[in-house]
Amino acid sequence: MNGKKGSSTNSESCEINIPNIQKTKIPETMKKPRDVRYSCSSWMSDVWEFCKQDRNRVIFSLKVGLAVLLVSLLILFQAPYQIFGTNIIWSILTVAIMFEYTVGATFNRGFNRALGSVLAGILAIIVAQVALSSGLVAEPYIIGVSIFLIGTVTSFMKLWPSLAPYEYGFRVILFTYCLIIISGYRMGSPVVTAMDRLYSIAIGAIVAVLVNVLVFPIWAGEQLHKELVTSFFSVADSLEECVGKYIEDEGSDDPDFFKSVIDEFPDEPAYKKCRSTLNSSAKLESLATSAKWEPPHGRFRHFFYPWSEYVKVGAVLRYCAYEVMALHGVLHSEIQAPYNLRLTFQKEIQEATSQAAELVRCLGNDIQDMKKTLKASLLNGLHSSTERLQRAIDMHSYLLASTYDPMKDRSCRTVDKLSRAFTPTLSDLNEQLDNLESGEELSTTSIAQSTPSESLASQILDSYHDTMRKQCKRLHSWPSREVDTAFDHEELEGGFEANFIPRMKALESTAALSLATFTSLIIEFVARLDHLVEAVDELSKLAKFKDEIL
């Protein structure tokens, strides 16, 4: 009976579950069109955002469509098609291959296309005439050997380092020569075929150049100019953002602040801009190469404009961006200096950082406005603030020293705090602090004769362990689990163990060195700004910027 009941219950449960499964399948099928609609809307929103970022992308696409349409009219209309025949298709291929995003890149590609096509046509005509005069038996062998030689030579030459900019030209020579010589061999008139195709290529090149230059031109020089100016502002913003978060200790309470990968910080847009500056070297070089082919235009109205200097300035700016990236690395590192220790140098760090960012923005504005300003006052103020930061580090170097003697370091800290308010009793404080360290008992006469500053010193010394415990618990340093365990053990025992004091002092010294690394990176950033100023001055001289005095 039990078995039957069990079986019946199992069967009933199965019968009950069957409609439930069917019910759960119905919504899944109903969700499919909703997912499709959602994906289409999200795709459209992505396209819209992509177009909003740079409207030149839409303009470029429309210009390519217009150029292809104009060339296609030569085929769609009967009159031009009767003149050029099927060879007019080469004009459409020329537009599709030659039309580039910027005017300079189009000129560069057009030069390679024109030169390659002319050389290939001349070689094809010469080889075809030699093959025709050699007879029907030797003609295919001569054409085959010539194709082999042209393919070998052009492929080898485009790999030559100094000829790398003309790689597209050698490729054009190869396929244009092969198409002309083979088609001419079958048609029997290689000279006429070569001339017709050269005419078609010329028509396509002229249409591509005219549309690119006359219809909303996109100049590579303007793109290069804007890209470099944006990099200056990105570095300045990232520097201020990093130092501000380090001083204000923002985000350190978040457990993921030190565990996240440094390339995945969604709350640091300035950092992402600085990272893009480091990856802009290839883009700047490409834009500079294209800008050399452009005629004088806009604000760049004189010939032989020094576009290569923009690349040099960008290289020096990237070295400054490396320092900012290193500052972000210290900000998000596992080993962090105590917050109270950062406040010791807060004023000097903020002053040097703000002036350095102001100088970087001033250089960016000079390039943007194409003006040459005298930045002597900014440089002098920046150097003065940096020297004050160095002196502050030198005066408080004992805070950053890796010493393992806690008592000696404790007395130094206490005397430094009290010396500013009670300078006449500084020597007496040193003597009594030494007595406290050696464990000697003060006599009743010395206690009776103690000054208010001495009693204050004893109070600070008694609360030293509490202060250090609070700082180390605030400290997100390595290894944090060991520090917490040690403090819990100390609270249970009621005092410090002898073997724990050196380990804790080593941990505190290592954390303090993080602040020394951060300040040294700021000083190194300021030192590299001198080279950046020199590079911008050289650019302003060669580009003939207008003089303006601050």
Side-chain angles (χ1 to χ4, degrees), residues 54-71 91 94-119 162-170 172 198-231 280 282-314 366-372 536 538-546:
D54 189 2
R55 66 183 185 90
N56 289 331
R57 297 166 179 170
V58 181
I59 294 175
F60 168 73
S61 303
L62 295 176
K63 288 164 62 176
V64 174
L66 177 61
V68 174
L69 174 61
L70 293 177
V71 175
S91 60
T94 301
V95 171
I97 295 174
M98 180 179 164
F99 209 104
E100 292 291 334
Y101 185 76
T102 61
V103 176
T106 301
F107 275 107
N108 187 10
R109 183 63 66 91
F111 173 78
N112 284 275
R113 174 74 170 169
L115 183 61
S117 300
V118 170
L119 292 178
S162 59
L163 299 177
Y166 308 101
E167 183 267 342
Y168 175 71
F170 290 108
V172 169
L198 289 178
Y199 291 149
S200 301
I201 292 172
I203 293 173
I206 292 173
V207 171
V209 170
L210 291 179
V211 172
N212 207 343
V213 174
L214 300 180
V215 181
F216 298 103
I218 303 174
W219 303 100
E222 289 284 351
Q223 297 288 328
L224 176 60
H225 191 82
K226 294 178 181 179
E227 184 72 21
L228 185 61
V229 171
T230 303
S231 299
S280 63
K283 185 177 182 180
L284 293 180
E285 291 178 359
S286 176
L287 289 174
T289 302
S290 301
K292 293 178 180 178
W293 291 88
E294 295 178 348
H297 60 277
R299 296 184 296 174
F300 317 101
R301 296 180 179 178
H302 57 272
F303 293 92
F304 306 107
Y305 195 83
W307 298 113
S308 59
E309 292 297 323
Y310 280 81
V311 179
K312 295 179 181 179
V313 173
D366 288 349
I367 297 177
Q368 183 178 14
D369 301 334
M370 300 185 70
K371 296 180 181 179
K372 181 180 179 182
V536 174
E538 185 67 20
L539 172 62
S540 62
K541 292 178 182 178
L542 296 177
K544 300 178 181 179
F545 288 175
K546 296 180 181 179

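Hydrogens, waters and symmetry mates are skipped; everything else that's a heavy atom, side chains included, is used.
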Over 12 foreign heavy atoms within 6.0 Å of OH, Y166: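 Atom OH in Y166 is not crowded, with 12 or fewer foreign heavy atoms closer than 6.0 Å.
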message: Checking K371 now: which residues fulfil salt bridge (charged side-chain N to carboxylate O under 4.0 Å, His left out) with it, not counting sequence neighbours?
response: E548
side-chain hydrogen bond (donor to acceptor under 3.5 Å, both in side chains) against [X], all qualifying residues, sequence neighbours excluded:
{"X": "K312", "value": "E309"}
{"X": "T102", "value": "none"}
{"X": "E167", "value": "R171"}
{"X": "K283", "value": "E227"}

- prompt: Who are the ring-ring contact (aromatic ring centres under 6.0 Å, His included) partners of Y305, not counting sequence neighbours?
  reply: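 Applying ring-ring contact (aromatic ring centres under 6.0 Å, His included) to Y305 gives F300, H302, W307.
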message: List the residues meeting ring-ring contact (aromatic ring centres under 6.0 Å, His included) with F111, not counting sequence neighbours, and say none if there are none.
response: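 Scan of F111 (ring-ring contact (aromatic ring centres under 6.0 Å, His included), adjacent residues dropped) gives W293.
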If I compare all heavy atoms of [X] with all of [Y], which pair ends up nearest, and what's the gap?
{"X": "A67", "Y": "V95", "result": "CB-CG1, 3.7 Å"}
{"X": "V71", "Y": "S91", "result": "CG1-OG, 2.8 Å"}
{"X": "S61", "Y": "R57", "result": "OG-O, 3.0 Å"}
{"X": "A543", "Y": "P306", "result": "N-CG, 3.7 Å"}
{"X": "I201", "Y": "S117", "result": "CD1-OG, 3.7 Å"}

query: Mind checking what makes side-chain contact (heavy atoms from CB on, under 4.5 Å) contact with S286, not counting sequence neighbours?
result: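 So S286 forms no side-chain contact (heavy atoms from CB on, under 4.5 Å) with any residue.
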Value rounded to 0.5 Å, distance of OG in S308 from CG in L539: 9.5 Å
- request: Calculate, to the nearest 0.5 Å, the distance between atoms CZ and CZ belonging to F60 and R55 respectively.
  value: 15.5 Å
- prompt: Between the side chain of R109 and the main-chain N/O of I97, is any donor-acceptor distance below 3.5 Å?
  reply: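 Side chain of R109 to backbone of I97: a pair is present.
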- request: Please assess N56 against Y101 for the test side chain to side chain contact (heavy atoms under 4.5 Å, CB included), listing each intermediate value before the final yes or no.
  value: CA-CA 9 Å; N56 289 331; Y101 185 76; 3.1 Å; yes
Side-chain donor/acceptor pairs under 3.5 Å, residues 202-225, sequence neighbours excluded:
unit_1, atom_1, unit_2, atom_2, d
N212, OD1, K63, NZ, 2.9
N212, ND2, E100, O, 3.3
N212, ND2, T106, OG1, 2.4
H225, ND1, Y310, OH, 2.9
H225, NE2, R299, NH2, 3.3
H225, NE2, I367, O, 2.8

